Amino acid sequence: MKYLFLLISSIALAQQTKKVDFISMQAYLTPNAIEKSIGGKVVYDFVVKSKIDTIKIDAVKMEFSEVKINGKQVNFKNSGKSLNLFKGYKKGKNKLEFTYSAKPKQTMYFVDDQIWTQGQGKYTSHWLPSFDDVNEKVIFAVSVCYDENFTVLTNGKFVKGALLDSCQVWYYEMQKPMSSYLVMLAIGKFTKQTEITKSGTPLEFYLKKEDKDKFATTYKYSKEIFDFFEQEIGVKYPWEIYRQVPVMDFLYAGMENTTSTIFAQDFVVDEIGFNDRTYTNVNAHELAHQWFGDLVTAQSSKHHWLQEGFATYYALLAEKELFGEDHFNYELYQTAETLQRASKTDTIPLMNEKASSLTFYQKGAWALHYLRENIGADNFRKAVKNYLIKYSFQNVNTDNFLDEVKKVSNFDTEAFKKNWLEQKGFEVQQALTILEKNKFIKEYLALTELYDKPLAEKKNQFEAILKSDGFYPLKEEVVYQLQQVPFKQKKEMLLLALQTNNLKVRQAVAKSLKEIPVEFKSEYETLLNDASYETKETSLKYLWAHFPDDRINLLNKTNGWVGFSDRSTRIVWLTLALATKEYKTDEKLAYYDELLGYSTPKFEANTRQNAIINLLFLNKMDKNVLPNLINGLVHHKWQFVKFCREKIRELIKQEVFKKYFEEVLPTLPENEKSQLKKLL
């Protein structure tokens, strides 16, 4: 029934877009962080093309007043899901005005001192009366009234600001139309840096004020990626400005709102963090969407690969430009492996609205790579350029793109469509044929074939690889193939691996050694100095576990480590310090309080989850952490909610915890009480 309802709704919306065209919107908005609400005045200009009984604007759980069409107050119906209009409009041009208010339960989030939105998948109509139908494209202009101590960002160019008695007003406007799910709002205490691209487009980079020293590492390669895309795509960036802003507890890696990408705070890194967790791929992916998704938008979910497949593939092309052919092919190889493994259970084809994210993104990218390899890079560029120019600011389907491919080549697009887009599974053999054109991939595949061979048969080859200037995954593979080999037989090769001074190869040594012999301790300890938080954490944990007598010295040496913005390294250190009975007993309480603090709502979900796991590892009966676990049930981030729910289900199997949760239930806020009741 749910799918039938969705089908009926989408048909109704499609019928409306044929009869009514909404041209532009001006919104004058006032968010309220205390009440977690938003409201204001909205003005729409629209054209009625043919007779229609009811015009609907999607609006979830909103209140409306002063609804006027062409200057006259009109009756309306508020269904709870839409504002329904049935009088006052005429054929031709019309103007709609109304005031609204909303307390969004999703899509607009109030996190710490930030407010941000995420329209994709949950719809902008939860915070702004707009259109869930992506085929209704509108030119948006948004004015926001808020505290002058904050920065307010939305789509388009900043036009003007004004300081009123009650607030600071920021006014932005777009010049071209876009779908409603791409409207955004981000408010926070940000600082800004700007660069100008080769073609003159301003790039605005934002960070929280306390992260002001991380611009260079967080936004590394941004200008290079932008300049590369304009050249590679052959179509100038279609908007007037491009800005990027990280926010706390964002639901995904990033979101390509037109002109204004929001991304996760996790990608804000320093020089060491950049070696483990780089924003580069997400940066390129979201920028590519400004063409593929924002400029041309898929007509329906069936054609979603035209957005995600293209953005994923062009991000890989950007990485190829930055890091070389071998890196590019290795990324494709890893993706192909993942797709092959998943194909046993992930059986929904690419051109299907129910396809998985892996299929839309990664298989979509591989389909494009296969196409590009077969028609040639030049023909591929021509087809893409013609496709983007022809359908600019419009909605598209797969045949629109394939028609442009037909015009530049004799390639069999029907067979391609059948095998890559409409058929389940992954074309492994075709992918391998392409990959094996690359010398490094051929060497890598040959190396993986040696996995079950005795060391004696491959030792000389392993040593030669470790001494060579070959691409690092070859050396990584050697290290991982040595995992089950007795230490004495592999010691010299591990030393060679460490001597490569490649962070990834050295990290493979850190992770692969399940036992650290005393004779190798000093060499292994050098990993503590690597410019990698992941390597530091791994080597700290392994050294602590293997050398109990040296724990105090190890903890003293590593005290003060923090790591990424999620404090993962600090949490590891605190856990080990608390687990070392004889270590600074007079400071144990302070260490515990700090670790417990990281599990509270003051911190992001990733930090909280990590802290909760470690606290319960230290003491399975620690009830101090349980209120923070319960609070996690009402968090907006579904991944954290799932963790908290599963952990509570696990705990209530024990009578002592079940009794605790039952006793605390009456004291909880209503929203927490409601969620905990469901589990009890």
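Count residues from 1 along the sequence. Everything numeric here is computed off the predicted structure, so don't read it as measured data.
For the pair Asn631 and Glu672, the minimum side-chain heavy-atom distance is below 4.5 Å. Residues Asn275 and Thr535 fail the side-chain proximity criterion, which asks for heavy atoms closer than 4.5 Å. No side-chain heavy atom of Ile348 sits under 4.5 Å from any side-chain heavy atom of Thr359. Within the 4.5 Å cutoff, side-chain heavy atoms of Tyr583 are placed close to those of Asn559.
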Show me the donor-acceptor pairs within less than 3.5 Å that the side chains of residues 652-670 make with the rest of the protein, sequence neighbours left out.
unit_1, atom_1, unit_2, atom_2, d
Thr667, OG1, Val664, O, 2.6
Glu670, OE2, Lys673, NZ, 3.3

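The aromatic rings of Phe274 and Tyr221 sit tilted, their planes meeting at an angle between 30° and 60°. Taking the six-membered ring for Trp and thresholds of 30 and 60 degrees, Phe640 and Phe643 have nearly parallel ring planes, at less than 30 degrees apart. Ring geometry for Tyr472 against Tyr330 counts as perpendicular: the plane angle is over 60°, on a 0 to 90° scale with 30° as the lower cut.
From Ser512, atom OG reaches atom CD of Gln481 across 12.0 Å, with rounding to the nearest 0.5 Å. Atom CD1 of Ile630 sits about 5.5 Å away from atom CD1 of Ile648, to the nearest 0.5 Å.
Geometrically, Arg277 engages Phe564 in a cation-pi contact defined by less than 6.0 Å to the ring centre and at most 45° from the axis. A cation-pi arrangement is not found for Lys584 relative to Tyr591, the charged atom failing to lie both closer than 6.0 Å to the ring centre and inside a 45° cone about the ring normal.
Checking side-chain atoms of Tyr219 against main-chain N and O of Thr217 turns up no donor-acceptor pair under 3.5 Å. A donor-acceptor contact shorter than 3.5 Å is absent between the side chain of Lys61 and the backbone of Ala102. At least one donor-acceptor pair closer than 3.5 Å links the side chain of Lys363 to the backbone N or O of Gly425. Side-chain atoms of Trp573 come within 3.5 Å of backbone atoms of Leu555 as a donor-acceptor pair (strictly under, hydrogens ignored). Looking only at distances, a side-chain donor or acceptor of Ser539 sits under 3.5 Å from a matching main-chain atom of Lys536.
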Checklist entry - Which is it for Asn610 and Asn614 under the side-chain hydrogen bond (donor to acceptor under 3.5 Å, both in side chains) test, yes or no, and what are the steps along the way? => result CA-CA 6 Å; Asn610 195 6; Asn614 280 274; 2.9 Å; yes
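Take Asp112 and apply the side-chain hydrogen bond (donor to acceptor under 3.5 Å, both in side chains) test, not counting sequence neighbours, and it matches no residue.
Residues Ser532 and Asp276 bring a donor and an acceptor atom of their side chains to less than 3.5 Å of each other. Using modelled atom types and a 3.5 Å distance limit, the side chains of Gln244 and Tyr279 yield a donor-acceptor pair. Inspection of the Tyr592 and Asn619 side chains reveals no N or O donor paired with an N or O acceptor under 3.5 Å. Between the side chains of Asn281 and Glu319, at least one donor N or O sits under 3.5 Å from an acceptor N or O. Between the side chains of Trp561 and Thr569, not a single donor N or O lies within less than 3.5 Å of an accepting N or O. If you check the side chains of Gln362 and Thr338, you find no donor sitting under 3.5 Å from an acceptor.
Classification of Glu534 and Lys511 as a salt-bridged pair holds, one side-chain N sitting under 4.0 Å from a carboxylate O. Between Lys642 and Glu646 a salt bridge is recorded (basic side-chain N to carboxylate O distance below 4.0 Å).
The two atoms that bring Tyr524 and Tyr542 nearest to each other are OH-CD2, 3.3 Å, heavy atoms only.
Applying the salt bridge (charged side-chain N to carboxylate O under 4.0 Å, His left out) test between Glu594 and each of Lys602, Arg570, Arg567 identifies Arg570 as the sole match.
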